[in-house]
Amino acid sequence: TWWWLWRLPALEELEVVLTKLNANHAVPTLPLDPDGRRVNRLHALTVAPRAEAADYFAQGRELPGEHYEALLAELLAACAELRTLRISDARHIAGVCLRAIPWPTLLESLRFESSIPVAPHLLATHAVSFRNLREIAFPTDGPAAVSATSILDPLTRACPLLRTVGFRSPESEGLSVEIHMDGKEVRWSRNAAHAMSWTRQTALAERSAAAAL
């Protein structure tokens, strides 16, 4: 099935439940490029919640995090055209697997869902190679950021095209944060103290906001 699936000429989007069985069949059947590397043509990949997770939790056991992240890294290493990555079950993702993406500058959208095992600002350090990233989101049910600046500062410096960042942060942060870089200020704002979505303010956005007043 995987051999046939990978060779569909129009296959650009895929949602997969990542299990050891799936990985053992999916990765070895990938086509080879002229240099002998396993590759696929996926532009969008969604890693769905694992079906076997319920059995592990029912037995009072956790899925082995390093093993799971290693499986994902094997798959990501073959995603040479990836633009969008959504990890629906991020309970065992510390971010190391993201280093496996062969062309990080192509990635434009990165979303983590269903909790994460580390603080968002630590996970964000693994995203600084995605220079053309437009949006990134962290789970609503995971650890809160120690501060908005701890996430927005490194991402602002590393990802100049980034426009939207979603994460849970203290309400005491207020509605805006300014990042000082290269002799200028970059301002991020959110609509309410409890809002998770932060938007980078551009000249166009500020003109639109002013016109709406």
Side-chain angles (χ1 to χ4, degrees), residues 43-47 69 76 79 82-213:
H43 287 189
L45 173 65
T46 296
V47 182
E69 189 155 21
L76 291 177
C79 296
L82 196 62
R83 268 74 168 174
T84 300
L85 174 60
R86 182 166 68 93
I87 304 177
S88 297
D89 189 352
R91 285 171 293 179
H92 296 282
I93 298 299
V96 178
C97 61
L98 299 177
R99 300 176 186 172
I101 297 176
W103 295 101
T105 55
L106 293 179
L107 199 69
E108 298 178 353
S109 177
L110 176 60
R111 304 185 68 86
F112 300 94
E113 300 173 4
S114 186
S115 191
I116 49 178
V118 297
H121 70 279
L122 297 177
L123 192 53
T125 62
H126 296 284
V128 295
S129 62
F130 304 133
R131 181 168 177 78
N132 292 317
L133 199 65
R134 266 71 166 178
E135 66 167 352
I136 184 171
F138 300 92
T140 59
D141 59 347
V146 293
S147 69
T149 303
S150 68
I151 291 181
L152 295 175
D153 187 280
L155 289 177
T156 300
R157 298 177 187 280
C159 311
L161 300 180
L162 190 63
R163 290 295 177 265
T164 305
V165 183
F167 58 92
R168 211 159 52 84
S169 62
E171 293 188 8
S172 58
E173 289 283 357
L175 301 182
S176 65
V177 170
E178 291 184 348
I179 307 298
H180 302 273
M181 56 176 285
D182 300 329
K184 62 181 180 180
E185 295 180 349
V186 177
R187 188 162 68 91
W188 292 83
S189 65
R190 57 179 175 175
N191 295 329
H194 61 273
M196 285 190 54
S197 181
W198 291 79
T199 302
R200 183 174 184 157
Q201 297 303 299
T202 62
L204 178 60
E206 291 179 350
R207 286 197 299 269
S208 299
L213 296 177

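On a predicted model such as this, the values are computed, not experimentally measured, just so you know.
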Heavy atoms only: give me the nearest Ala148-Val177 pair and the separation to one decimal. CB-CG2, 3.8 Å
Ignoring hydrogens and angles, tell me if any N or O in the side chain of Glu69 forms a donor-acceptor pair with the backbone of Ala94 under 3.5 Å. yes
Nearest heavy-atom approach of Pro160 to Ala158 is CD-O, 3.4 Å
Closest heavy-atom pair and its distance - Phe130, Pro104: CD2-O, 3.3 Å
For residues Ala124 and Leu155, report the shortest heavy-atom separation together with the two atoms involved. O-CD2, 4.0 Å
Give me the atom names and distance for the closest heavy-atom approach of Arg190 to Ser169. NH1-OG, 3.3 Å
Student check: side-chain heavy atoms of Leu45 and Leu76 closer than 4.5 Å: yes
Report yes or no: does Glu108 contribute a side-chain atom to a donor-acceptor pair with the main-chain N or O of Arg134 at less than 3.5 Å? no
Under the ring-ring contact (aromatic ring centres under 6.0 Å, His included) definition, can you give me all pairs with a residue in residues 172-196, not counting sequence neighbours? none
Between Phe167 and Phe138, what is the ring plane arrangement, given parallel below 30°, perpendicular above 60°, and tilted in between? perpendicular
Using salt bridge (Lys or Arg N to Asp or Glu O under 4.0 Å) as the criterion, list what pairs up with Arg163, not counting sequence neighbours. none
Taking all heavy atoms of Thr84 and all of Leu107, pick out the closest pair and write down the distance. N-CD1, 3.8 Å
